[in-house]
Structure formats: structure tokens, C-alpha cells
Amino acid sequence: MSYNHRQIEANWQKYWADNQTFKAENISTKPKYYVLDMFPYPSGAGLHVGHPLGYIASDIYARYKRHKGFNVLHPQGYDSFGLPAEQYAIQTGQHPAKTTHENIKTYRRQLDQIGFSFDWSREVRTSSPDYYKWTQWIFIQLFESYYCNDVQKAKSIVDLIDIFVNKGNVDVHVSSDENIDIFSAGEWNNFSEKEQQVILAKYRLTYLSETEVNWCPQLGTVLANDEIVNGVSERGGYPVVRKKMKQWSMRITAYAQRLLDGLNTIDWPQPLKDSQTNWIGRSEGAMVEFKVLSPALSKGKGVRDAGYLTGNPEIAHLLLEKAREMRSNPTQAEAFLWKQLKSKKLGIKIRQQHLIEEFIVDFVCLSKKLIIEVDGAIHDSQVEKDTERTKLLENKGYKVIRFQNEEVIGNIDKVVSEIENELKNRKEFKVLPSGKPALPSGRDLGWEIEVFTTRPDTIFGVSFMTLAPEHELVSQIVTNEQKDAVKNYIEATAKRSERDRMADVKTISGVFTGAYALHPFSGKQIPIWIGDYVLAGYGTGAVMAVPCGDQRDYDFAKHFNIEIPNIFQDIDISEQACEDKSAIIANSDFISGMTAKKAIKRIIFELEQKGIGEGKINYRIRDAVFSRQRYWGEPFPVYYKNGMPQMIDVEHLPIKLPEVEKYLPTEDGKPPLGNATNWAWDMDKAEVVSNQLIDNETIFPLELNTMPGWAGSSWYFNRYMDAGNTDEFASKEALNYWQDVDLYIGGSEHATGHLLYSRFWQKFLFDKGLVPVDEYAKKLINQGMITGRSAFVNRLIINVTDKVELGKTINLKTLYQIRFENNVYISSDILTIPLKRRRIRKLIEFLVKKDEKEYLNEDQYSLNYNNIEPVRVPTSIVNTSDEIDIEEFKKWQIEFKDAISIPEEEAFKVSREVEKMSKSKYNVVNPDDICEKYGADTLRLYEMFLGPLEQAKPWNMAGISGVSSFLKKLWKLYFNNEDLIVVDEKGTKEELKTLHKTIKKVDEDIANFSFNTSVSSFMIAVNELTAQKCHKREILEPLAVLISPYAPHIAEELWNKLGHNESISTAEYPIFNPDFLIESTKTYPISFNGKMRFTMDLSLNLSKEEIESAVLDHEKTKSQLNGQTPKKVIVVPGKIVNIVG
RNA sequence: GCUCGGAUGGUGGAAUUGGUAGACACGUUGGACUUAAAAUCCAAUGGACAGUAAUGUCCGUGCGGGUUCAAGUCCCGCUCCGAGUACCA
């Protein structure tokens, strides 16, 4: 019988399925081995040839390990929540569950036909409630935990509450939000339940926070940064606004250091580790506080500003805000009275809630220095204080009159006339006009700007500070003179999207605030600028600028003509900043003469002594936003009581996705779950009920967001260990048996997404004692992407210009351009040959004239055929020699029906371009077709043969015939037409050598994941055995096992026909015996001055000297030397002989 | 800009600690078989030059240097390509 891949492959795939050949047991005497693939998102397009690359590699490895006697876990599943299914649902109204289910069916069929040895009994789907029940469960565990920095692990929030109850939060070292108020145990115990929950949220590992997102009102959705182009949505071009939304976040920052440290313990590709390291972005440095000064005046002493600014400037900033707040929340009496006083109703300007020195008074008429206070009940107890206050104000020349609330409300006329009286009786005071410097010079205003720097050693080089435009202090420190400039700048910056701002790094922009800071060591006054090169989101949003030591500061200083003091010894900074840490520091007081390393230590010490700074490690990584405004994702097990999130008890999980009418956001901007009518939690019944029943007593609204794509993929590898468990996410026994993934294969595009988040979750689960290891994948390999080779035909753009003849315009455009423009195509090999261009011209002219000869002569028109436009065509109608099937091309789309090709008869070549495989590029190659035509074994071998696993490579069908014929040759070693020709003879020495060198090579290749070279080795072996006419069982039986991981179907068939009744999958792997490779002679390359001239077979038993004399005796050596004596002879036994002349 | 990869025939790619550059395959050319095609098999195939030929010489792993008896491999300096990242203080 001849090799019939269709029949063989179908048979064995059925056999494997029927016999559950690859089912892994959780109890085994064999050692365990866990081989994992990144599970696919089941898209509607199905698999293309790029997808299986990694699966084939891992499958080879898994099968190899089975031969080697391991209990192998090799599972597969689907990351089946995601955007495409939802978008499809929006367009068609089809439920995403339905399309997902259908897509999974296609995927399964495609995967099965490639012959993977997956244990399908452990399949997981992230969108299945049985699975996401445990995703929700893990979410709850995160919510109930906080991160303790003392022991560097997550602990139960109950422990933290315990600490608060007994000690408050004064002395806790935990990861939390910044700016948490300190409270004592007593204060904690007095907080209301709600206040306590608000505080706890700042410590939980998952928490709700106001996060700024890119909101697109027209699309009704939040967009990722890369979905925005030039400030408008990429899709549709709608405006995008920054909007704060309450979203769940994951406190991954707590794990920043451990995520870094863990990288040292795992065997992952260096580039991937690098990108995680970068992403986490640890930098060591210091926090430094700079005190803000008032504006320094150029001359003289400070002058009081405009008369209405009567507040004490040192505390004005504190009071102003309070005053503003009081103005907007007046008491009833205040509001009542203000109605009568405002807008000069009494004929004179009266101000409300105004600053007078360190007080805020209710009302004041500055020009009469009359203060009107309206007191409520609480002031009764403050009589003493009020008297004192009145006294102080009266000393400043003010008169204070007081009314009770009741008086104002009960008898407003009387109050107003009393005020009028007072005003009449007081003399006029002059109020100075505004515009003069507001504050006294050089005084500490009580603000501090905190900066983070990695180079505290350059602190003496600080010549200005820069705040991000969004920095909260900007509005407070800016001087009147600079107010407009600053305001304009902030507005201009806000208009630019974050992306634009980041993309444009060349334009230097900024503006002076007018304010100054105090240098903590030199005491110098440092101007404070704002500039958008400082990012609000990193560090403190403020930098101490050291132009001599940082290029960006340098550029900024140059641009705005700010001083650039040099603090480096013997270094020229006239052209650029010096960022070299080995430079000796100068002009820097007590650190002069030191290098960075030493100086940094010293400065940090000094900062800490002075209490104005400290050594600090800063991380770039941000907490991860965990909410999505989508339908097709895991619902949160959360309902809201009085606005506070509550976890649903774990025994009621899963909370299943509700049905909705529409998958779009609601009209009022709520996420798609806002469309659900049954989406409320009934505490008593412990079930999801109709929204109409919400009473906020026992029935509450449920969370409307869903979880992001990475939720389900962050722990699936643990689920495979015990996929069917309904009581736990995986049993202790299973987790302890399988421990971790021994080999993980997948794409590098997940470096800072899935592969980081999953490590974070694993560490959390480890802290909670739920999993036995804190890194889940010992070894990871990134398979390279298989790209497509898009095909293009070259469309000639022919411009026909009208000519006027005898006053009559011949409308040639209508005649010819429409007809020929866009429809003449030229073979790409002609394009590159200048000579042929003339031919094209003739051809075009011919085409134009052919039909319309009678109307045309040459000077009636002009032709321009120089423009060529590439037109995508499907790769399926192009052969491996880049020739397109013209007939198929004409049939492909209606617009090409009348296409004219140049040349018309000969082969027509397309241009090729390597691109990502995608439906829209018509370059997708489907594995189904290859399996049908060549078979799965050929596909598997060919994908491996294409090149190194980790390297990106374009898909090219050209080489597949070589692999296909290899399998046929292999078959022929065992069969001659119908007959098995394997004989039970002993192999010859040569045959055994062929076998054993192949065993050795393939063993090494698999260890190095060098699958492409082992395919070569198989080819060599089969070529040699064919030449040796070897049909011996002693050779061919081990060979079948050797090939079985790569081409399992044919191996099974051969094994079976050799008389075995069991599957080959656990057959013992042949053992390499070095005895068969021992050689008595070696073919030595004899080289002269390093150039190989000839070879010589010499016994390996010869000594160096014997080799040397044998070589020198050789006549070719003599002719090479031409009678001269060699200077030196290098002999490396077993390797080479080199004669130096 | 920074970080990390990479550059080898017409093509995909091989090449142990530095030790015969181009394995294996595709393609191309020639041949066999065939009425023919397909399939299969055989031979040649880095370039240049010399020779009837066997064969020989020279040049060849992006470029320029270096180390070495010997460099695709190690070192220094560049060029180009790809990927990631984007003002991280």
C-alpha cells in the first residue's frame, strides 16, 4: 500500500479520541511534566497557519516526554471572552455566547486535524460559568486582602482591621493609596461603618477608584490610548474627552519588587524579561522637598497689594479655599442677608466670606471697614473667642457688628436698616487698586514641592524646577502677573492628547509661574516653571531641574535662557548635559570631589537628617484598571449598598452574565449591563432579581462593569490541573502534584499583559496558601510570528488627455480613461526591465487604438503610464513562483472581469510583501487546505522545518514539497507498494551509525528547541537508509519512535504495521549508544595558513607527531610548500591540521 | 532617542568550546522514465578565472579595523533591517 495520509490521519485521530490516549492522570508513579500553550481566543476567522506553530512545538515536546517516561499534562482551552464576539453581537444581534460556541467548534475541528496530543478532558473556557465562578472567587479573595510590606506578602484584610482597632494606622507598613490620613485606634473605632469601608478600600488589593479614562460619547465607550488618533477616535473620528469614572483597580504595584525579583528565578527569554523589567520601571533615588517662596522682588521691600487682598499672605492659601467653600454653602441666614447686600444694593460694595488677616468674616464693606457677622447657635459657646476676634479686628480699624440667625430670618428689614445706619456713620477708607506685587518677598509660604530624583547627587546643579501643568500646586503658587500665561499654557496642553504630547518630544514648551523655591542646601532661590515634559503621572509630577546633568533640563534651560551651573569637574557642558555617573562632582559644598555613587549616599543621609527627604525606590508600573464597559466579560460578584461595593458571598457564585436586549452602552452612558432588566441582588433570596425590585434595603443594584480580558487568563494554568472541580478552583492534591508549568510556549506580544498579570495573581494565590509555587512557569519560549506574503498586481494608471481638434473637443477621457484606467495590469518582472517599458507603451497604445482606430491618431491624445498602483490580490490564486492565475483573477471580483494583463499570454508575476496575516490582506493561509492536500504530518514537519522556532518568518509554501516527499521516502523504507518489507535482520554498522547519530542529534535538538534541524536530521537519516537499502527492524522500529513526536500519524501507522497493538505514544524512546559512532579514522582537513587545501584520512590512534609526519610526507603537502620548510605545524588531533608557511 | 534582536548562495536556513562555510530543503539547469503530463529517479548548482579534463588559483558570511596558526563565531568602530518602548526625572 502506498502512503495515504488522509486515511491514516483520520484513523489515528479517531483512535486517540476513542482511547483517550493523552489523558493525564493526577496520580502516577511517573515523574510529572506540564507542557502548556497559551490558549487561543476563538475568533470567527478560524486558525491560520501561524497559530499552530507554537502548538506543534509544544506537542512535539509533550510527545517526546511521554516517550521518555513522563506523566505529561498537555491541556488546551479557550480564552473565550473578548471584544470581537461582542462587536459581532452589536452588529448582528447574535448572542456572543452563540458565536463563541460556533467558533470553538471550528477551532476544535482544526486543532484535531493537526493531531495534537491534548488532554481534552481538561478543556477550559473562560466564558463558561463553571470557570468564571472561580475568577469571581479570586476577585473576592483579592478584595478581602491587603499587602503587608513587613512580611512582603498579602494578608487577610481582617488582620488589618485588627491592627486599626488596636493601634490605628500610625505604624503600619502596607501597600496603599497615597495620602491616607493618620488615625488612632480611638478614631478608627469612632468612624462610621461607611467611613471605615472607605478607608479599607485604600488598602485592599482590588479597590474602586476614580480613574481618568478616554471617553468617547458618540461611541459610548472607553477607548484605550492607541484607539485615539489626533484627539479623536480611530473608529469614526469622534471627539474623545478625558472623563473620570469609578473603576476597579488591581494593586499590582504592591508586587512590583517581587515581580522583578521573580524574574531571576525563571528561565524566560531575556527580551521578555527586559520588557517586564522596563515596564515595572524600578528606579532608585530620593524624594526631596523644596519649600516654595513668594516671588522675589527685584527691588525694595514688599508692598501691600490691592486693598481687597486683606488676608494674611502666609496663610491665605489655606483660608481662601475654605472661604470659597463657605461661599458656596451659606447658612440659611447668610444667604438671606446676602440677597439684600449683594450687587451694591445698599449703594456700596459689600463682600461675603472674605479674608481679613487670619480670619474669614461673613460680610465686609472694605471702604467703610465694617464687618457684619451672622451667628448661629454654635457661636454661643464661642463668645469668648468671638470677643477676642472682634478685638483684634477693631485694632486694625474695623468695626464688627453681629446678628443672630433668628434676627436675620425673622426681621430682615430691621437688620438691613441697622447695617445702613452703621455704614452711614463710618468714614471712608481708601482701597488701593490692584496690580502691585501681592506678597512680601522671600518668605516661606508653607507649601512644599516634593520631587523624585535618581540623581540627588546633582542637587547643587539645580537652577529651576518644573511642575507638570496638571500639578495641584500650580494654581496656588502662580503669581498674578503670570496667571494668564500659565492659564493659557495649561489650556493649550490639556487640548493635546496624551499621545500627542508623548509623540512630540522635540518641541520645548513651558511657562514661568512667577514663584520661587528654596534650595534646601544652598539656600538659593530657584524659579518654578511648568512644562509638559514633566508628566503628572510619574513620580510626584515635579522635577528638580539640573540642566548640566540631564539633557531634557538642559534643552529646557537653553530654550528659556535659564542659568546652567556646572557641577562637574573638568567637563564641558557648553553643548550638552553630562549624564555620566562617573563624573567628579564640583561646586557642590560637602559633596564636591565625590563621584555619583558616594555623593548619592551622602545627600540622602543629609536629607534624612534634615527631615526634608529620604532615599526612595520609585516604580513606573501603575495599578491595573480592572473594569471594562463591555458585555462579553466576567461580571463582578459585587452589588452596591449606599454606594459602597459589597461582595456577594462565595457560596452564591457564579454570578452569571445577564441577558440584554442590546450589547451597546445605554443611552445615558452606562456600560452594556445597564441594559439588563434582571440585574439586582436580593440578599434574602441570594439571587439575581429584577431591577424593579431594588429597594436599597434588601435588594441592591449590581455592578455594571465587567472584568477585562486578562482576568480569566491570569490563572487558567492552575485550573487545568483539576479542571472539573466544582468545590475548589483546583484541589490541593492536584496543585501539589502538578506544581507548575515546566514548559510554556506562546507569543511575546503578551510580555507586559497576560504574562505580567498572571505572575501577579500567582504570587497573590501563593501568599494566601492557595497554590504551592509563586512562579507558575519555569521555562517559557516565545514562538516567532508567521507572517503572510501578501500579493499585489500592478495596476497602471493611464491618463488620457483630451485634445482639441478643429474646435471640437474629443472627450477621450470618457472613451478611454474609464475603460482602461484601473484595469490594465502589468507583470512585476516587466516593471524592473527598462527595455520592456517601451514594449508596454506599445501595448497600451495598441490597446487604445485597437477598438477605436477610426477616431484616433497619435497627436489626438497623450498617454502617461508611469504611475503604478499596487492592488491586493488573494494569495490563493498565486502559485509558489509568484505567478497569478489570470483567469481566477478575472473571476475574483467583478471589477476585474475585463482586466487586461500585460503580457497577455506569458506568466504574469505579482509583487510580494511580507505582512501580518489578516483576512483583510487576503494573505491568510488556512491549515485545512494543507492538511487536506499534504496531510497533518507534512504540515507539522514543514512548520518546524521553516526555521528556528523563536524567529519570525514569512509563510512560504515553496518548500512544502520537500517535506512531503520526505514522508513518502520514509514510508518506502517500510513498504514496497502493498507489502511490508521490513525484515528481522541485524543492522549493519553503517545503518546503526545512521540511526544512532540521528538519535543523538534529535535528542540534542529537542533539548535546545531546535526543531528545524531535527527535521533535517530525519531527512539525512532517511536518505542514508534509502541509499543503504535498509529495511531492517532493528533500525526502522526505533526510527519510527524517533519521528513519532514530529509526525505522529505516520509513526503510529508504521508501528502498528510492525506488529504492535498499543499506541506508539508511550513506546520507549531509543537510547543513544555512542559505541556505534566510534570511528577509527578521521578525515582531516589539511589547511595551509588557515585555508583548507585537501583532506586526508588518518587513524585516530595516531599521536600528534605521527599525524604531523604523515601530513608532511603527503605529496600534496610538498607541492603546496613548494620545497620550503613550514614555520609551524598545528595539529589538533581529531580536528584539523594547519601548516603555517 | 533608548532597549533587545538580526544581517550567511537565487530562496528558507545549517555550521559544537574559534577548527573543512553553505548541512537539509526549495528553486533553477540538464538527463532518465513516459505518447504526453504529473509523479518518481539521477546529475549539476556561491562567484570569478585558468584548463580538453582530472584539477587548480583567487574572492566570498552587511561595512572598516583588530586578536589568532585559524574568525560566520571573539574584540573595537560603523551601516542597514526588525521588534519593543516612548520625555520615567
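Chain identifiers are assigned alphabetically (A, B, ...) following the order of the sequence lines, protein sequences preceding nucleic acid strands; residue numbering begins at 1 within each chain. From a predicted model like this one, the values you see are computed outputs, not experimental measurements.
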Backbone N or O of [Y] within a donor-acceptor pair of the [X] side chain at under 3.5 Å?
X         : Y         : value
A:Asn782  : A:Gly746  : yes
A:Asp1005 : A:Phe1011 : no
A:Arg940  : A:Pro1045 : yes

Quick one: label [X] by what it contacts on the DNA or RNA (base, sugar-phosphate, nothing), any heavy atom closer than 4.0 Å.
X         : result
A:Thr1083 : base
A:Arg1093 : sugar-phosphate
A:Asn1023 : sugar-phosphate
A:Phe945  : base
A:Pro954  : nothing
A:Asp274  : sugar-phosphate
A:Asn618  : nothing
A:Lys969  : sugar-phosphate

Does NZ in A:Lys997 sit with more than 12 non-hydrogen atoms of other residues, nucleotides or ligands closer than 6.0 Å?
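More than 12 heavy atoms, drawn from other residues, nucleotides or ligands, come within 6.0 Å of this atom.
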Using the purine O4'-C1'-N9-C4 or pyrimidine O4'-C1'-N1-C2 torsion, is B:rG46 syn (within 90° of 0) or anti?
anti
Rounded [atom1] spacing from [N] to [M] in Å:
N      : M      : atom1 : value
B:rG56 : B:rC75 : P     : 36 Å
B:rG60 : B:rG22 : C1'   : 11 Å
B:rG30 : B:rC78 : P     : 49 Å
B:rG64 : B:rA15 : C1'   : 25 Å
B:rU29 : B:rC81 : P     : 34 Å
B:rG18 : B:rG82 : P     : 32 Å
B:rC63 : B:rA44 : P     : 30 Å
B:rG13 : B:rC24 : C1'   : 9 Å

According to the interplanar angle, ranging from 0 to 90°, do the rings of [X] and [Y] count as parallel (below 30°), tilted (30 to 60°) or perpendicular (above 60°)?
X        : Y         : result
A:Phe945 : A:Tyr942  : tilted
A:Tyr533 : A:Phe556  : tilted
A:His996 : A:Phe1072 : tilted

Are [X] and [N] close enough that a side-chain N or O sits under 4.0 Å from OP1 or OP2?
X         : N      : value
A:Gln951  : B:rG13 : yes
A:Ser1016 : B:rG13 : no
A:Arg455  : B:rC88 : no
A:Lys1128 : B:rC69 : yes
A:Asn278  : B:rG84 : no

For the residue pair A:Ala557 and A:Pro547, what are the closest heavy atoms and their distance?
CB-CB, 3.8 Å
Base-pairing assignment for [N] (Watson-Crick or G-U wobble, both under 3.5 Å):
N      : result
B:rG77 : B:rC63
B:rA25 : B:rU11
B:rG82 : B:rC4
B:rC58 : B:rG47
B:rU40 : B:rA32
B:rA71 : none
B:rG18 : none

Rounded to the Å, how far apart are [X] [atom1] and [N] [atom2]?
X         : N      : atom1 : atom2 : answer
A:Lys968  : B:rA39 : NZ    : C1'   : 7 Å
A:Ile1136 : B:rA15 : CD1   : C1'   : 14 Å
A:Phe1011 : B:rC24 : CZ    : C1'   : 18 Å
A:Tyr3    : B:rA39 : OH    : C1'   : 16 Å
A:Leu272  : B:rC4  : CG    : P     : 15 Å
A:Arg620  : B:rG84 : CZ    : C1'   : 11 Å
A:Asn1089 : B:rC59 : CG    : P     : 12 Å
A:Lys273  : B:rG5  : NZ    : P     : 13 Å

Report the nucleotide, chosen from [options], that has the shortest atom-to-atom distance to any side-chain atom of [X].
X         : options                : result
A:Arg552  : B:rG27, B:rA89, B:rG12 : B:rA89
A:Val1132 : B:rG19, B:rU20, B:rC24 : B:rG19
A:Ile1020 : B:rC59, B:rA23, B:rA86 : B:rA23
A:Asn1138 : B:rA89, B:rG19, B:rC26 : B:rG19
A:Ser961  : B:rG27, B:rU20, B:rA89 : B:rG27
A:Ile1130 : B:rC87, B:rC4, B:rG19  : B:rG19
A:Tyr538  : B:rC69, B:rC88, B:rU40 : B:rC88
A:Val534  : B:rA89, B:rG19, B:rU20 : B:rA89

Working note: A:Phe464 + A:Ile528, criterion side-chain contact (heavy atoms from CB on, under 4.5 Å); need CA distance, chi angles, decisive distance, verdict.
CA-CA 6 Å; A:Phe464 61 101; A:Ile528 304 171; over 6 Å; no
Of A:Val1140 and A:Val543, the one whose closest RNA chain B nucleotide lies more 5'
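Closer to the 5' end of RNA chain B: A:Val1140.
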Select from A:Lys972 and A:Thr752 the residue whose nearest nucleotide in RNA chain B is closer to the 5' end of that strand.
A:Lys972
